[in-house]
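One structure below.
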Amino acid sequence: MQLRKRFQPAQIYLFHSFFMSGAFSLAWTINQIYRVQTVGMDPLQLVLTGTVLELTVLLFEIPTGVLADVYSRRLSTILGLAIIGASFILEGSIPVFTVVLLSQILWGIGWTFISGAHDAWIADEVGADQAAPLYLRATSLGLIGNLAAIPLSVAVAQFGLNLPFLVAGGLCLLLAGVLIFVMSEQGFQPVGREKRQTWGDLKGTLRQGLGLVRSKPVLMAFMAAAIFVGLYSEGFDRLTEAHFLTNFDFPSLPAVEMVTWFGIIRAGRILLSVGATEFARRRLQLQENRSLVRALQVSYGLVVIGILIFSRTGSFWVALLATWLVHSMRALAWPLETAWINQHIDSRVRATVLSTASQMDAFGQVIGGPITGVVGTLRSIRAALTTSALLLVPAIPLYQRLLQSSEEETTTT
């Protein structure tokens with residue numbers, strides 16, 4: 001208890017974002033190389049792993065968000081980290097396709113415990129307005145954590161492509177243990193034990209959260225846009241490394257091996273992402289609705305352009321710049337979305353509504369993943385990536401509708 005009083009919620013939130021992102025980066029820097037070269041997965045299998053993960057998120061996102069709203073966002077975050085740590089260790093221990101699928105199920109369950117709860121926790125601890133710049137700051141620190149872990153991942157992978165998974169899993173378990181002692185929860189009031197009705201409370205909170213979404217056109221527009229964001233992302237995420245490995249000749253540089261090249265690619269996109277989020281944090285009016293929505297439109301428009309260039313170019317260097325553009329804009333979009341949605345929801349159902357948004361994204365990925373996977377198998381990876389870009393296009397006018405709905409809501413109130 002004394003340790004919890006020594007650390008401010010903002011410090012814990014930023015530390016958690018930095019450390020967790022670094023742990024994830026250890027595995028993610030080499031995960032697709034591991035799956036292609038060690039497990040021997042083809043394009044359809046690569047996409048299916050993501051589809052299984054997102055289907056798991058789709059099924060568990062709202063229930064775990066409701067649990068966080070009823071019981072504890074702190075406990076939900078810690079439990080999620082422990083489950084993710086176990087998933088990394090499982091995948092790195094047994095290089096078999098079915099085991100990779102099982103690890104993705106575990107990862108998805110773990111992530112649903114974190115996704116709505118973590119952001120809802122800090123919003124309640126410091127207030128929604130004060131949380132908005134924290135989201136961007138946490139994204140920047142998370143990207144720095146990603147960057148710091150890349151050379152470690154590359155170095156560890158020299159002794160075995162599975163080893164970064166094992167180290168990442170151990171670090172997630174370590175972080176979960178640290179948060180038990182330092183993470184407080186003062187801003188959230190769970191349902192009292194004497195009033196707790198278990199499933200009745202869960203269903204009531206779920207009904208209240210979904211009712212809020214249905215009653216606000218602005219939230220409905222946001223959820224619709226989230227589906228299209230999900231539709232495009234699965235194919236791009238799972239086929240980027242395969243596209244580089246299959247369709248490009250890597251420049252021959254002294255002492256730069258394939259694993260190192262992917263470390264360089266990841267490092268570059270993280271540096272650009274840090275620059276984009278820091279620029280937004282300092283220049284955007286984060287409490288101003290129109291500013292946030294316009295930034296989201298520009299971000300996703302550039303994502304479409306970047307993926308189209310990446311899918312069609314024959315130049316390694318142009319492809320490299322295109323992927324850096326896509327990833328930096330995606331990194332910018334997430335905290336902007338979180339800051340925006342927190343301005344339109346009530347504290348009591350904050351984690352539930354955030355989880356609903358994540359579920360819409362997961363729903364899109366479950367649909368879009370197999371589509372791009374089949375296109376990649378029957379046609380080519382280039383065609384699959386082009387399809388991913390086109391699937392995102394409808395999100396851009398939907399954000400315009402989101403802006404109009406928000407202004408109409410403000411006028412009526």
Can you check whether [X] reaches [Y] side chain to side chain, under 4.5 Å on heavy atoms?
| X | Y | result |
| --- | --- | --- |
| F113 | T77 | no |
| T29 | P164 | no |
| T56 | Q104 | no |
| I83 | W111 | no |
| R74 | I180 | yes |
| I114 | M20 | yes |
| L141 | F19 | no |
| L231 | L392 | no |

*Would you check, one step at a time, whether the test side-chain contact (heavy atoms from CB on, under 4.5 Å) holds for V182 with H16?*
CA-CA 11 Å; V182 302; H16 175 269; over 6 Å; no
*Report the C-alpha separation of I89 and F165 in whole Å, then their side-chain angles, then the decisive distance to 0.1 Å, and conclude whether the side-chain contact (heavy atoms from CB on, under 4.5 Å) test is met.*
CA-CA 6 Å; I89 292 172; F165 284 94; over 6 Å; no
Euclidean distance, [Y] [atom2] relative to [X] [atom1], rounded to 0.5 Å:
| X | Y | atom1 | atom2 | result |
| --- | --- | --- | --- | --- |
| L171 | S25 | CG | OG | 11.5 Å |
| T51 | I371 | OG1 | CD1 | 10.0 Å |
| L102 | T98 | CG | OG1 | 8.0 Å |
| I30 | L163 | CD1 | CG | 9.0 Å |

*Which pairs pass salt bridge (Lys or Arg N to Asp or Glu O under 4.0 Å) with one or both residues in residues 381-398, sequence neighbours excluded?*
none
*asked:* Give me each pair satisfying salt bridge (Lys or Arg N to Asp or Glu O under 4.0 Å) with a member in residues 133-161, each pair once, sequence neighbours excluded.
replied: R137-E278
*asked:* Tell me whether the rings of W107 and W28 are parallel (<30°), tilted (30 to 60°) or perpendicular (>60°).
replied: tilted
*Whether W261 and F316 hold their rings parallel, tilted or perpendicular, with breakpoints at 30° and 60°*: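 Perpendicular, since the angle between the ring planes exceeds 60°.
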*Test of ring centre spacing under 6.0 Å for Y300 and F228*: no
*Step through it carefully: locate the ring centre of H243, locate the ring centre of F236, and say whether they are under 6.0 Å apart.*
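No, they do not, as the ring centres are separated by 6.0 Å or more.
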*Show the numbers, then the answer: is there a salt bridge (charged side-chain N to carboxylate O under 4.0 Å, His left out) between E241 and R35?*
CA-CA 10 Å; E241 286 83 356; R35 291 169 183 172; over 6 Å; no
*Between T386 and R312, is any side-chain donor less than 3.5 angstrom from a side-chain acceptor?*
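The criterion, which ignores hydrogens and geometry beyond distance, is satisfied for R312 and T386.
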*How far apart are the C-alpha atoms of D237 and R330, what are their side-chain angles, what is the distance that settles it, and do they pass the salt bridge (charged side-chain N to carboxylate O under 4.0 Å, His left out) test?*
CA-CA 11 Å; D237 287 340; R330 289 177 68 183; 2.6 Å; yes
